[in-house]
Every structure is written in C-alpha cells, then in structure tokens.
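Report on the structure given below.
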Amino acid sequence: MSKDKINLKIITQQKVVYDAEVAAFYTTAEDGMIGILPNHLPLICPLKVGITKVVADKNDKEPIFFTTIGGILQFKDNVAVILTDLAEKGTDIDETRAKEAYERAKAKLAAHAEKTEILRAQFALSKAIARITAAKRGR
C-alpha cells in the first residue's frame, strides 16, 4: 500500500460493505465530523448515526456516501476500519422508503409517547435523516 492512500474498510455484523484504498474520508464521530487523510495519527473514536463521505482519489470529483449507524472508527498505519451496526451506500438507498420512515418517526415523536418510545423515535428519525442525506448525495 502506498503512503498516500488509506485502506478503508466499512464493516457490519453481516458483511464488509466497503473495502478499498482511498485518498481521504470523513465520518460522523460523537464529537462531530472528522476527516482522515493518509498518515493521520493513530485514532480510535466512537461514531454516531450519520454520513461517511469517501474520496477515492484526490482528483475524484464524485465522492461516495454511506450511512453509518453508530459504531467505532479505528485508524493506524493508514488502515482504517469502521465497525458499525448498519452501513448502506447512498446509491443503494430507497429514498422513498427512507422518507416514509422519517415521517413515521416524526409522527411518533409528535404523539408524546413513553420515554422509551420517544428514544426509539429519535433514533429512527436520526437514521432516516442519514439515509435520506446519503441517498441524495449519492446520486
């Protein structure tokens, strides 16, 4: 592997969603967006529901977007692994279904249900927003 590339793997319990050498990537850490370039210092950080943007090549004008639903990022020696509960490539997301899930989650929040239902609805809403965003950017 060259020193100007990162070997990025996005992995769920079911499968390896992405495995390639990339120029850079940006993901949603617990403290906000984080960007990783080649030769970054070693890092382990928790992720929250959000988007991961992958820049395959420095000259690439079309990044690849993924939803990443929580998890952990580990980076060392230009090898990055994102272990996540769920990851989907933006171009694979059914935007209509994601919007329907968004509306259902908003309706549950508006119903002022029990605290556990509110937490579930907030998570579903975050997940739907991430999916819609990745789908729109993935086009």
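The model shown is predicted, which means the values in this text are computed figures rather than measured ones.
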Practice task
Using a 4.5 Å cut-off on heavy atoms from C-beta on, say whether the side chain of Met33 contacts that of Thr27.
Solution key: no
Fill in the blank from the handout: With sequence neighbours left out, the residues meeting side chain to side chain donor-acceptor pair (under 3.5 Å) with Thr68 are Thr52
Exercise for the section: Could you pull out all residues at least two apart from Phe25 that satisfy ring pair (Phe, Tyr, Trp, His ring centres under 6.0 Å)? Expected result: none
Fill in the blank from the handout: dist Asp4:CG -> Leu37:CG (nearest 0.5 Å) comes out at 11.5 Å
Exercise for the section: Would you please name every residue forming a ring pair (Phe, Tyr, Trp, His ring centres under 6.0 Å) with Tyr26, sequence neighbours left out? Expected result: none
Exercise for the section: Can you sort out the partners of Ala20 under side chain to side chain contact (heavy atoms under 4.5 Å, CB included), two or more places apart, ordered by chain and number? Expected result: Tyr18
Problem - Enclosure of Ile72 CD1 (heavy-atom neighbours >12, cutoff 6.0 Å) - result: no
Practice task
Answer whether the closest heavy-atom distance between the side chains of Asp57 and Lys5 falls below 4.5 Å.
Solution key: yes
Exercise for the section: Check side chain to side chain contact (heavy atoms under 4.5 Å, CB included) between Pro46 and all other residues, then give those that pass, not counting sequence neighbours. Expected result: Glu30
Fill in the blank from the handout: Looking only at heavy atoms, the pair that brings Ile6 and Ala24 closest together is CD1-CA, 4.4 Å
Exercise for the section: Mind checking side chain to side chain contact (heavy atoms under 4.5 Å, CB included) for Lys76 and listing every partner two or more places apart, or none if nothing turns up? Expected result: Pro42
Problem - Separation between CD1 of Ile11 and CG of Asp19, rounded to the nearest 0.5 Å - result: 7.5 Å
Exercise for the section: Indicate whether the side chain of Asn39 and that of Asn78 have a donor and an acceptor atom separated by less than 3.5 Å. Expected result: yes
Problem - Exam field: side chain Thr28 to backbone Val49, donor-acceptor pair closer than 3.5 Å - result: no
Exercise for the section: Specify the closest pair of heavy atoms between Val22 and Val54, including all atoms of both residues, with the distance to one decimal. Expected result: CG1-CG1, 3.4 Å
Handout entry: Non-hydrogen atoms of Val55 and Pro63 that approach each other most closely
Key = CG2-CB, 4.4 Å
Practice task
List the steps, then state whether side chain to side chain contact (heavy atoms under 4.5 Å, CB included) holds for Lys89 with Ile64.
Solution key: CA-CA 8 Å; Lys89 192 173 181 181; Ile64 304 165; 3.7 Å; yes
Handout entry: Residue from Leu83, Thr84, Ile69, Ile82 passing side-chain contact (heavy atoms from CB on, under 4.5 Å) with Leu47
Key = Ile82
Exercise for the section: Would you mind listing the cluster partners of Leu41? Hydrophobic ones only (ILVMFWY), side-chain contacts under 4.5 Å, chaining allowed. Expected result: none
Exercise for the section: Provide the closest heavy-atom pair for Ala23 versus Pro38 in the form atom of the first, atom of the second, distance. Expected result: O-CD, 3.1 Å
Fill in the blank from the handout: Contacts satisfying ring pair (Phe, Tyr, Trp, His ring centres under 6.0 Å) that involve residues 70-94 (not counting sequence neighbours) are His40-Phe75
Handout entry: pair Ile44-Leu73: side-chain heavy atoms closer than 4.5 Å
Key = no
Problem - Sequence-distant partners of Asp85, side chain to side chain contact (heavy atoms under 4.5 Å, CB included), two or more places apart - result: none
Exercise for the section: Tell me, with the steps shown, if Ile36 and Leu8 meet side chain to side chain contact (heavy atoms under 4.5 Å, CB included). Expected result: CA-CA 10 Å; Ile36 304 291; Leu8 173 62; over 6 Å; no
Exercise for the section: With sequence neighbours excluded, tell me which residues meet side chain to side chain donor-acceptor pair (under 3.5 Å) with Asp31. Expected result: none
Completion exercise
d(Thr12 OG1, Glu88 CD) to nearest 0.5 Å is 10.0 Å
